[in-house]
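Order of appearance sets the numbers: ligands from 1, and atoms from 1 within every ligand.
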Amino acid sequence: MKTTRLVVDNDVNKTQVYTQAVEKLKSGEVVAFPTETVYGLGAIATNELAVAKIFEAKGRPSDNPLIVHVGESQHILKYVSEISKKAENCIDAFWPGPLTLILHAKPNVFAPNVTAGLSTVGLRMPDHPVALELLKMLGEPVAAPSANLSGKPSPTTALHVEKDLQGRIPLILDGGATGIGVESTVVDFTVDPPVILRPGGVTAQMLSAVIGEVIEPNTTTVDDATVPRAPGMKYAHYAPDAPVYLIESNLDAVDLAIQSIHTQNQKVALLAPNELKNDQADWFFSLGDQQNPEESAHHLYAHLRACDDTAADIILVTLPLKTGVGAAIFNRLEKAADGNWWHS
Ligand code: AMP
Ligand code: MG
């Protein structure tokens with residue numbers, strides 16, 4: 001299959017580009033498009049065969065449900081059987097934006113492979129002009145996971161999508177680099193208090209300001225039975241080719257680690273904020289200012305991917321502060337490192 005990448009800008013050909021994408025989707029094909037978080041790979045969420053092509057192109061396990069993207073927030077009762085006041089308030093506060101709400105799905109609306117057979121569905125309205133224009137022109141809900149090969153870091157540029165999915169999908173809409181850089185926050189509103197299943201662009205503090213108590217499974221001790229586990233969380237994720245090790249944010253610890261790696265004749269790539277730059281590292285990728293997790297999030301996946309273009313044997317990543325979007329960065333790094341911590 002030939003993969004076409006079409007740049008979407010403010011040119012006169014804009015309508016033509018969207019029309020092509022809408023036609024592809026309506027004919028049961030998949031299309032990659034930018035959102036404010038990462039690039040998504042979309043198919044019409046009511047078309048089971050089209051949705052199956054997402055799983056096939058990504059190599060994604062079929063028991064990992066997809067998030068459904070909508071172009072407006074007014075009519076979500078078409079898709080869900082009920083909606084709590086808290087969920088409504090969060091939609092008012094954060095849509096369009098990086099918040100996915102898990103709600104009870106209306107039966108027989110979505111293709112069964114969208115929800116992996118669950119009775120719940122994850123819904124979000126993205127805050128990106130290209131995604132919104134596409135969704136509005138299409139007038140249908142779009143199931144879309146990140147547009148990468150399953151297990152790889154999510155794509156934050158159209159070139160990342162091309163690298164992973166060239167020859168596997170027909171069309172990529174290129175809207176430049178995404179803004180936030182990590183995926184949406186996934187919150188389960190079928191339980192009360194709501195539970196954060198995946199930290200993301202909307203932080204726990206932002207949610208609490210609107211709906212009071214929210215449960216963060218990583219920081220709150222809760223009975224296992226009361227916390228619904230997010231499907232898909234068991235899979236390896238966000239991983240570059242070389243092994244990733246997390247290391248404490250400390251100049252001496254980083255220095256010792258690099259020395260010890262070099263003693264074993266191995267090469268090391270370091271991902272760290274500017275404050276922890278180390279000239280002994282064979283490659284250094286800056287995560288920006290330590291106090292600015294938004295900046296780190298924006299660069300994270302591009303840097304993890306860039307490590308694949310180096311000859312590094314080991315990737316060291318310093319531990320981010322867990323505040324704000326830092327919680328999402330920490331969550332992704334834990335998965336990228338598969339729990340590996342560097343101990344000198
Ligand atoms: P991705 O599409 O790769 O950004 O991942 C989407 C994630 O959203 C999945 O891995 C799930 O953890 C979560 N998700 C989507 N739908 C549901 C659902 N119905 N219930 C619980 N979690 C969900
Ligand atoms: Mg993904």
Sub-3.5 Å N/O-N/O distance, Lys58 and ligand 1: no
Minimum non-hydrogen distance to atom 14 (N) of ligand 1, winning option of Pro65, Gly40, Ser146, Gly122: Pro65
NZ or CZ of Lys322 within 45° of Phe330 ring axis and under 6.0 Å: yes
Within reach of ligand 1, part of Thr100 (heavy-atom separation under 4.0 Å): neither
Exam field: side chain Lys277 to backbone Ser286, donor-acceptor pair closer than 3.5 Å: no
Check: Tyr301 ring centre within less than 6.0 Å of Tyr238 ring centre: yes
N/O separation below 3.5 Å, Glu183 to ligand 1: no
Contact atoms of ligand 1, heavy-atom distance to Arg198 under 4.0 Å: 1 (P), 4 (O), 5 (O), 6 (C), 7 (C)
N/O donor-acceptor pair under 3.5 Å between Thr178 side chain and Thr37 backbone: yes
Minimal non-hydrogen separation, Ala253 against Glu248, with atom names: CB-CG, 3.7 Å
Region of His104 that comes within reach of ligand 1 [heavy atoms, distance under 4.0 Å]: neither
Cluster overlap Trp95 with Leu207, hydrophobic side-chain contacts below 4.5 Å: yes
Parallel, tilted or perpendicular: ring planes of His303 versus Phe285, cut at 30 and 60 degrees: tilted
Pro145: numbered ligand 1 atoms lying under 4.0 Å from its heavy atoms: 2 (O)
Close approach, Thr115 and ligand 1, non-hydrogen under 4.0 angstrom: no
Those atoms of ligand 1 less than 4.0 Å from some heavy atom in Thr120: 18 (C), 19 (N), 20 (N)
The Mg ion (ligand 2) to nearest N/O/S of Ser146 below 2.8 Å: yes
Atom NZ of Lys53: over 12 foreign heavy atoms under 6.0 Å: yes
Ligand-residue contact atoms, ligand 1 with Leu118, heavy atoms, under 4.0 Å: 18 (C), 19 (N), 20 (N)
Ile67: numbered ligand 1 atoms lying under 4.0 Å from its heavy atoms: 6 (C), 8 (O)
